[in-house]
Structures are given as structure tokens and as C-alpha cells.
Amino acid sequence: MEGRERAEEPRRALPPLPGAEPGRVVTRFAPNPDSVLHVGSARAAVLSHDYARAYGGKFILRFDDTDPRIKKSRLDLYDAVLEDLRWLGCEPDEVHRQSERLEIYYRYAEALIMMGGAYVDTCPPEEFRRLVRSSRPCPDRDLPPEVHLERWRRMLNGEYGEGEAVLRVKTDLSHPNPAVRDWPAFRIVDTGRHPHPVVGSRYRVWPLYNWASAVDDHEMGVTHIFRGQEHSTNAEKQRYVYARFGWTYPVAIHYGRLMIEGGVLSKSEVERGIREGRYTGYDDPRLATLRALRRRGVLPDAIRQLIYSVGIKPSDATVSWGVLLAINRKLIDPIAPRYFAVLDPVEVRISGVPGELRAEMPKHPQNPGMGRRSYSLAPEGGELRLLIERSDAASARPGSVIRMMGLLNARVTAASPAGLEAEFLPGGVEEARSARAAFVHWVHPQHSIRILVVMDDASRRAGLAESALSHERPGTIVQLEREFFARLDSVDPDGSLVLYYTSQRGSRWPRSMTAPQSWRSATSHGSNGGAPRYLSSLKASSEPSPATSFARRSASAGPTMLP
RNA sequence: GCUCCGGUGGUGUAGCCCGGUCAAGCAUGGCGGCCUUUCGAGCCGUCGAUCGCGGGUUCAAAUCCCGCCCGGAGCACCA
């Protein structure tokens, strides 16, 4: 692992962990369940989990839910976080909630008070701040431990109101960083008015982050801590507690923020946006939450590889969607079955079709084991009507040859904004090649279903896809050939199959900068300028309501878990 | 303001500790080409950084030293 060989591949493995002994590594992921996980939080989770596994150690999930008031936890989010974590492949060995461990924090507090290492401060906050800024003690500081023990009991008994007393850890009043000087360990919360979602109003004295964290990391035998660099002064604060008790502080590794360019990530912005209805939920495709990425068809391993490649340095990193999606494409390409879909359809009328034609295409060109999709298409009066993409039709010229992939070749005889007329040409792929034909995908009206694609900017595009698509399970990531990857999601109330856009090659943010011109016309309601009557009279499918069977499977399948 | 931390192509990252083989590797992106029944997938090629700026040490600096500039984080009875 050492040596100075050049990296020729993106990092696929973790660098060695400082101070790690095989079998003795304990890590923890400590979120506050006040929102769902996003790519940034995934960084701590993945590193903590993967290092624990790499060294045969233990990975603990600990909910840091000790603020019943400002960063209030929500009961439903404890489960949501665990679900996100499992999806990421980070199954915890133990799960704890700090709100259920208050007695433990109290015990250590008492011990420290008796050692003279902590005191109950009854100075008004402003007064304390004024004193400590000039390195002077609050008068309470030098009272004997017995007095503070007594005050501590009174705190617990509810004899002080909110803000009237706080337990502080004695550190160093001349520490260069005022925040480190005698930092607070416990404060009083009126849980009658602000009940905690787990323990209600059972406790009034609540530990602050540094106390609960310090005690738990020791109690749980944590050896390595991964967290954002905003916690680096906290490590410094906690070292005072460890020194007093004679404990060894874990190896703390701080890293910078990980953001996705243009992806909304801030907890408060996510919460506010959802509340105000600007986002459809935690899984709105514009968000960089894990749930949004999952719904879009981003695999957990893509996120993991991204985190590995960004590494563990303390500076912030803003990666583009392109990088994440490119990693993801490499993973989904081998497993995504191929289907035809036309989002902005125009009609092609092909005359001279000799008889019934059979289209048969592999679901995956490199993986025959995935099966095939096939359709028998009967011409009416020698004429076959197909739908193709408007942009494809626009580049066809009378006289040119067009290849309906997997089906037939035809020579274009007339082209207009309403569509194409063409005449059947015998021959297959070879003939099409030598005629320099344009290879295009198509949909037959009688063998199609309606689809609705939720794009990465949350707009919706309606279209048609070949009917076999309806036999795929929800959660499957497919490639709509020559267009993009998308994840099968659900069935819309109007019967359309709903897909979430995953990505296409070269996609950047904002995508509209690079989108083909044909996309501009179709934004939210699925334009169909060329064949409106045709589309509206279209039957959803010739097959026995595939949408319904899809819906049934969809309902029983539960949350989508990809292999 | 104070305390930490960081600055390599558009973006992310490797190298910096142990100076030369680094006018700098990889990925993404742009461009061009190829492709076995069919794909905006894949493959190949190519474009793009004198390594924040200035000075110093040295035969030699992205790598060591000093100064400056820029950016981030922290400075809560939040986590």
C-alpha cells in the first residue's frame, strides 16, 4: 500500500487508517435525526462503516438527539436515517439513542464535579461571556465541589429554571480560543413545553454535544472518529474531559464539506423548501439527499466510489453531477435493459410493407441472458405507421434511407413537420449501413404505453415507450435507447408509467445548456405538436393492461432495493 | 478581529512528509474517430494546469523555508 506508484485508477480502496489495529477498530456515525441523509452525511457514514469493516471492527450508529428544542429530532427520521444507511450498505452493529442514556451522562458529570473538574455556573450568560473573554473566572468557579454537587442535585430536581444554571467543564481560562474556555456540558430545558420525541418530559437537564459525545465515545470504546472539520475545536474541548478522567482520546479525522454542484444540500434549505412546497419531498430530484439519488437511479456504490475518490482531506469539495453520474453509468450500463421510448413523437408512414413483420431485439446487446423483446407488426393495406423522435425526423431528407432499429429499412419520400412518408426497402443492418442510413428507434402505437419522465430539474415529460417496458419491476434502471438512463418508479394516476431520469452521457448542470434542441420544446406537459390527435386517440396498449399489473407489483414491492 | 485548516487543468483527485525519473498521472468534461444486429453505452485518440502570488535555499522545487493573497471552518446554555 505504501510506495510511490502512481494512481492509475480512481481510488477504489481506502488508505490505511492511522493507529488502527485489526479487530480493534470501533467507529461511530452520529447524526441528529432532524433531517434525512445527504451526500455530505454519507461521507462520514461510509468512511466510518467501511473502515470498521476493513479492520474487522465495529460500526455504531448513535443518534445525537440531545436537543429537544432548537435542533429537535423527529421520530420518523430515526427510521429514515437507518433506512438510508442500510441502502448505502452501512449496516450498524449497534444502534443507540443519546436521549435514552441521560443517566450515564449524569453519572460522569457527578464524578467530574467531585473531582473538582466541573462546576455549576449561575452567572447570567452575558456576564459569563464578558468575564471569560478576558480570561477571568465566574465567581462560582472556585466554590468547593460539595457546593456544586448540591447545586447539581438542585438542577436535577428542577429548582432552577431554563437558563438559570449550567454545568461547565473546567478547562483553561487562558486558552487562545474563548470557546474552549470552561465550555458548557449541561443546560436546562423546559421539557414541559418542549418535550423530547423519545423520552418526552422525563428529563430537564440535557447534555450538550461535547459532553454526550465525549462520554459516549469513551463508553462505547470508539477508536476512530470521522466528522466534518467544523468539529475540530470540539475535539479540543473534549480532550480536557479525557485528560481529567485519564482516558485516551480517539483518533479524530476531520474532513471538509462534500457538495454536489447545483444540488441542494443544506438541511434548512431542504426543510424549508419542502414546507413551502418548492420541493416535492425529501426525494425531489433536485436535492442531493440519498433518497433523491436513490429515486433517480443512482446506486449506493456510485456514491461510495465518489466518496473514495474525493478522499479524506480537510478542504471542501464541490463535485459536479457529471462525475457522480459518470461513475453511476459505469455501474448501471451492464445491468440496464434497453427499451425504446419516444418523447416527442411524429408519425412515419411506411408504404409497401410486404406483410407482417417481426421486430426482435435483445434487452441488452452484450448480455443475451437478459432476454429479448419482440413484436409482430401487421401493416394495414401495405402501410405501417410508426412514431419516431421529432429530432430524428427533422434530420431525414427525401431520398435518404432510415433504419428502424431491429425492424426495417425505408427510403424517405416526403418530409414535413407533421412527419415522414417512406417506402419499405428490403434488407437488414448491412444494407442500412451501406446506404448510410440513420439508425433510429421507434414505437408502434399499438404496442406502446404512455410514460411520464420526471427529469432532473423536476419537470415532467410525457411520451410513449414500447409496451414490454411495463413488464419490468419498479426500481429497475433501464436505458431508453439513444436517449438516457432512467429508473422505473411507479404508475401515475392517469395510467402512465412514471420514470425518473437518471443520466446521459455528457450531462452537466444545468442540463439545458447541453440538451439537444428537440428537448427544448417539450418541458412539462410533453409536447406533441406533430401528432396531437394521434396521441390523444392512442390506446395505452394492446396488451392486457400492463400498467395495472405493474401497479400491483409496485404496491407489494415496498421500498426499492437494488441488488 | 481571533483560532485552526486548505489553495495542482472547468470540476474532483494523484504527487508534497522521503527535492531530480513531474513543463505533472487519473477521472470527469470538450473535440475527433472506431464499433461484432442495431445504443447518446463501450473502445481509441486528442484538447486542457509552468502546480495561488512573490522571494529564498539548492546543480535541481509542485515538493523545503519566509512573506503575502485568496478560500473554508470555528469563536452558542446547536449538532
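Order of the sequence lines fixes the chain letters, A, B, ..., with proteins taken first and strands second; residue numbering starts at 1 for each chain.
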Write down the partner of [N] under the Watson-Crick or G-U wobble criteria, each distance required to be under 3.5 Å.
N: B:U36; answer: none
N: B:U57; answer: none
N: B:U13; answer: B:G25
N: B:A76; answer: none
N: B:U50; answer: none
N: B:G7; answer: B:C69

ask   = Applying the ring-ring contact (aromatic ring centres under 6.0 Å, His included) test to A:Phe186, which of A:Trp152, A:Tyr209, A:Tyr160, A:Tyr203 qualifies?
value = A:Trp152

So, OP1 or OP2 of [N]: does either fall under 4.0 Å of a side-chain N or O from [X]?
X: A:Arg433; N: B:U36; answer: yes
X: A:Thr233; N: B:U3; answer: no
X: A:Lys330; N: B:U28; answer: yes
X: A:Arg129; N: B:C77; answer: yes
X: A:Arg329; N: B:G29; answer: yes
X: A:Arg187; N: B:C78; answer: yes

Identify which nucleotide among [options] has an atom closest to any side-chain atom of [X], counting heavy atoms from C-beta outward.
X: A:Pro314; options: B:C78, B:G6, B:C77; value: B:G6
X: A:Asp316; options: B:U28, B:G72, B:G12; value: B:G72
X: A:Gln366; options: B:U36, B:C77, B:U37; value: B:U36
X: A:Leu208; options: B:U37, B:C78, B:U38; value: B:C78
X: A:Met405; options: B:U38, B:C75, B:A79; value: B:U38
X: A:Arg338; options: B:C39, B:C77, B:U28; value: B:C39
X: A:Thr66; options: B:G72, B:U13, B:A79; value: B:A79
X: A:Val429; options: B:A79, B:C77, B:U37; value: B:U37
X: A:Arg168; options: B:C77, B:C78, B:A27; value: B:C77
X: A:Pro184; options: B:U38, B:U28, B:C77; value: B:C77

ask   = Where each residue is assigned the nucleotide of RNA chain B containing its nearest heavy atom, which of A:Lys313 and A:Leu407 is assigned the position nearer the 5′ end?
value = A:Lys313

inquiry  = Quick check on RNA chain B: between A:Pro365 and A:Cys123, whose nearest nucleotide comes earlier from the 5' end?
reply    = A:Pro365

task = For A:His254, report the nucleic acid contact type (base, sugar-phosphate, nothing); a contact means any heavy atom under 4.0 Å.
result = nothing

Heavy-atom donor-acceptor pair, A:Gln479 side-chain to B:C39 base, under 3.5 Å = yes

message = Given the structure, check if the side chain of A:Glu230 and the base of B:C75 hold any donor-acceptor pair shorter than 3.5 Å.
response = no

message = So does A:Arg296 get a backbone contact from the side chain of A:Thr502, meaning a donor-acceptor N/O pair under 3.5 Å?
response = yes

ask   = Does A:Pro314 offer a backbone N or O that forms a donor-acceptor pair with the side chain of A:Gln229 under 3.5 Å?
value = yes

inquiry  = Check this for me: does any side-chain nitrogen of one of A:Glu236 and A:Arg239 sit under 4.0 Å from a carboxylate oxygen of the other?
reply    = no

key: Electrostatic pair A:Glu110:A:Arg153 at N-O distance under 4.0 angstrom   = yes

query = Do you know which of A:Asp140, A:Asp121, A:Asp182 makes salt bridge (charged side-chain N to carboxylate O under 4.0 Å, His left out) with A:Arg168?
reply = A:Asp121

